[in-house]
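Working notes for the structure below.
Indexing begins at 1, ligand by ligand and atom by atom, following the structure's order.
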Amino acid sequence: MLKPKSFWSETVSSDTPRPTGLPQSVDVAIIGAGLTGLSAARTLANSGLSVSVLEAEGIGWGASSRNGGMLLTGLKVPVGKLINKFGLGLAREMYGASLASIDCVERIVRDEQIDCAFMRSGHLAVACKQLHFDDFQRAAERLARDFNHEVRVTSRQDLGTEIGSEVYFGGLVDESSAGLNPAQYVSGLGRAAEKSGAQICEQTCVKSVQREKKAASPGFRVETSRGSLWARHLFAATSGYTGQATPTLRKRVIPIGSYIIVTEPLPEDLALRLSPRNRMIYDSKNFLHYFRLTPDRRMLFGGRAAFFPETPSTVRKSATILHDEMLSIFPALRDAAVEYVWGGTLDFTFDMLPHGGEIDGMYYAMGYAGHGVAMATYLGAKTAAMIVGAENHNPFTRVPFPRAPFGLYNGTPWFLPLAGAWYKLLDWIR
Ligand SMILES: Cc1cc2nc3c(=O)[nH]c(=O)nc-3n(C[C@H](O)[C@H](O)[C@H](O)COP(=O)(O)OP(=O)(O)OC[C@H]3O[C@@H](n4cnc5c(N)ncnc54)[C@H](O)[C@@H]3O)c2cc1C
């Protein structure tokens, strides 16, 4: 029986309801209780500030509890392009941040004793064409030479040690990447933020924010569905769900749908054949697939089956599309029932890079482009550290947060069908 809900959500017990009263004023109000907001809240509360996290739904309701649970090295933008655009120095810092972000999650999981099946099982990128495999070889050389980071290229002949599929032209293995159960992780991070003293207000939708002074101190009046509060600082952590309350950010974030199916638990020998080293796997297309085994040996298979954010209709259609695509890669799964399907909204930006810093007096971190499990945790903490005046080690604050050319985007992504067609064409050409 196919359930239209996240498999991960069934692995966490619902927490006890939280008090919903809002304080009159706080040092920092954070909009959004995903990984960005909760990581920021934990950092700020540990520094002694009063913090309220305002969440329209529940903890982790957004992308943070429904993703693939892959903590991947690197960014959406390949290292060669980063160097061409920003020079080697800044490119190194950005790539270094991706490595540091995984260490950051590992440390939090250990320090806060979050039971979320964190494991450094590495990732495997698989090449859909010979050209892509040639790119892998060049990327591996460049990472070793310019970034002092070793990855391993695996030829088509040897790929059977990594994946039980015949369709790929080779692979690239990075042992530094990791996996976890995202719903357990974000729920544990919420508990950790509360333990540090942060207040989390669920079912509290921020309707508007206005600058307002209090006793000559600059700050913000925050109107919510449960009343209003005044905050000395405001931190937007809304990623792909950024809405009307923060129009400046809404014009800079493109919400894109991503969808996942999960099979029934697989027999041990079959699971071992399909993914002998339990890697986090993704392919080399623009319309990419990503897949992994869950801790209880199900195949989790995701992709951009529809470009638009999730609706019951896109979720239903994605189940069929993803199932067909999964079988084209793993015919051995033809008898495995698909038990779950769901979707969520990713946060892309016009330069495909994450951004974190200050805009119009408001702090923010977002734009992780499918690399947010580790980077949201990291940038949430780094941007929070800016509020408490710590030295800023965040390379992404040095890059302007771009809007669409000619102001052609006001938050409604009218161009997604065109972008989808363009990327499909690119996948076909190259
Ligand atoms: C299907 C899918 C698979 C993915 N797989 C991976 C993966 O394997 N690896 C990886 O690194 N990344 C992955 N990602 C991306 C990753 O999950 C996100 O980048 C990350 O979770 C973003 O976290 P966040 O806290 O910034 O945003 P979110 O978790 O999206 O949280 C934003 C929150 O803000 C709240 N909000 C919005 N507006 C308001 C308002 N006005 N008032 C109050 N609350 C508001 C929302 O309710 C939401 O809970 C995936 C994403 C999806 C959708």
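- Ligand 1 has an N or O atom lying under 3.5 Å from an N or O atom of S239, backbone or side chain.
- Taking 4.0 Å as the cut-off, G243 does not count as a neighbour of ligand 1 on heavy-atom distance.
- Within a 6.0 Å sphere centred on CG of N286, heavy atoms belonging to other residues, nucleotides or ligands number more than 12.
- The distance between the ring centers of H123 and Y282 falls below 6.0 angstrom.
- The aromatic rings of F7 and Y340 stand perpendicular to each other, their planes meeting at an angle above 60°, with 30° marking the opposite boundary.
- A donor-acceptor pair shorter than 3.5 Å cannot be found between the side chains of T204 and E55.
- The protein heavy atom nearest to atom 52 (C) of ligand 1 is L346 CD2, 3.7 Å.
- Looking only at distances, a side-chain donor or acceptor of T349 sits under 3.5 Å from a matching main-chain atom of M352.
- Screening R292, R279, M280 for a side chain to side chain contact (heavy atoms under 4.5 Å, CB included) with S121, the sole residue that qualifies is M280.
- In T224, neither the side chain nor the backbone holds a heavy atom less than 4.0 Å from any atom of ligand 1.
- Near G68, the atoms of ligand 1 lying under 4.0 angstrom from a non-hydrogen atom of the residue are 3 (C), 4 (C), 5 (N), 6 (C), 7 (C), 8 (O).
- Heavy-atom separations between C205 and ligand 1 include at least one value shorter than 4.0 Å.
- The nearest non-hydrogen atom to atom 9 (N) of ligand 1, considering only E202, M70, K207, comes from M70.
- Ranking the protein heavy atoms by distance from atom 10 (C) of ligand 1 puts G370 O, 3.1 Å first.
- The residue S65 has no part lying near ligand 1, judged by heavy-atom distances below 4.0 Å.
- At a 3.5 angstrom cut-off on N or O pairs, I260 does not count as close to ligand 1.
- Y168 and F291 have parallel rings, their planes meeting at less than 30° on a 0 to 90° scale where 60° marks the start of perpendicular.
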Walk me through it: do E112 and R191 pass the test salt bridge (charged side-chain N to carboxylate O under 4.0 Å, His left out)?
CA-CA 9 Å; E112 304 290 353; R191 280 193 299 275; over 6 Å; no
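- Listed by number with element, the atoms of ligand 1 under 4.0 angstrom from any heavy atom of T204 are 43 (C).
- Contacts between L38 and ligand 1 below 4.0 angstrom, taking non-hydrogen atoms only, are absent altogether.
- Counting atoms of ligand 1 from 1 in the listed order, those under 4.0 Å from a heavy atom of G344 are 53 (C).
- Within ligand 1, the atoms closer than 4.0 Å to a non-hydrogen atom of D347 are 19 (O), numbered from 1 in the order shown.
- Inspection of the R120 and S176 side chains reveals no N or O donor paired with an N or O acceptor under 3.5 Å.
- Backbone and side-chain nitrogen or oxygen atoms of A374 are examined, and none is located within less than 3.5 angstrom of a nitrogen or oxygen of ligand 1.
- Looking at atom 30 (O) of ligand 1, its nearest protein heavy atom turns out to be A63 N, 3.0 Å.
- Protein heavy atom at the shortest distance from atom 36 (N) of ligand 1 is T238 CG2, 3.7 Å.
- Ranking the protein heavy atoms by distance from atom 23 (O) of ligand 1 puts S64 OG, 3.1 Å first.
- Taking only nitrogen or oxygen atoms, main chain and side chain alike, V373 reaches within less than 3.5 Å of ligand 1.
- Defined by atom type and a distance below 3.5 Å, a donor-acceptor pair is present between the side-chain atoms of T311 and T314.
- In this comparison of R250, M280, E55, H123, the heavy atom closest to atom 49 (O) of ligand 1 sits on E55.
- Within the 6.0 Å centre-distance limit, the rings of F350 and Y409 are counted as a close aromatic pair.
- Near G69, the atoms of ligand 1 lying under 4.0 angstrom from a non-hydrogen atom of the residue are 8 (O).
- Ligand 1 places these atoms under 4.0 Å from at least one heavy atom of W61: 47 (O), 49 (O).
- Atom NZ of K382 sits about 11.0 Å away from atom OG of S101, to the nearest 0.5 Å.
- Checked by atom type, the side-chain pair D283/H132 shows no donor-acceptor distance below 3.5 Å.
- Protein heavy atom nearest atom 34 (O) of ligand 1, with residue, atom name and distance: G32 CA, 3.4 Å.
- Below 3.5 Å of separation, one finds an N or O of A56 facing an N or O of ligand 1.
- Polar contact check, V206 against ligand 1: a nitrogen or oxygen pair lies under 3.5 Å apart.
- At a heavy-atom distance under 4.0 Å, only backbone atoms of R66 (N, CA, C or O) approach ligand 1.
- Near L35, meaning under 4.0 Å from one of its heavy atoms, ligand 1 places the atoms 25 (O).
- Annotation: T36 places an N or O atom under 3.5 Å from an N or O atom of ligand 1; distance criterion only.
- Geometrically, ligand 1 and G60 share no nitrogen or oxygen pair separated by less than 3.5 Å.
- Closest protein heavy atom to atom 31 (O) of ligand 1: G34 CA, 3.9 Å.
- Using a 4.0 Å cut-off between a side-chain N of Lys or Arg and a carboxylate O of Asp or Glu, E310 and R66 qualify as a salt bridge.
- By the criterion of a heavy-atom distance under 4.0 Å, both the backbone and the side chain of Y241 are placed next to ligand 1.
- Separation of the H289 and F301 ring centroids falls under the 6.0 Å cut-off.
- Taking a cut-off of under 4.0 Å to the non-hydrogen atoms of T345, the atoms of ligand 1 that pass are 53 (C).
- Taking CG from N394 and CE from M386, the interatomic distance works out to 7.0 Å, rounded to the nearest 0.5 Å.
- Taking CG of L172 as the reference point, atom CD of E162 lies at 10.0 Å (rounded to 0.5 Å).
- At a 4.0 Å heavy-atom cut-off, ligand 1 does not touch W342 at all.
- Between T36 and the choices Y378, Y364, Y368, the side chain to side chain donor-acceptor pair (under 3.5 Å) rule is met once, by Y368.
- In the candidate list L379, T242, L72, N67, N67 is nearest to atom 6 (C) of ligand 1, counting heavy atoms.
- For A365, no nitrogen or oxygen atom sits less than 3.5 Å from a nitrogen or oxygen atom of ligand 1, counting backbone and side chain alike.
- Looking at E339 and R298, a side-chain N of the basic residue comes within less than 4.0 Å of a carboxylate O on the acidic one, giving a salt bridge.
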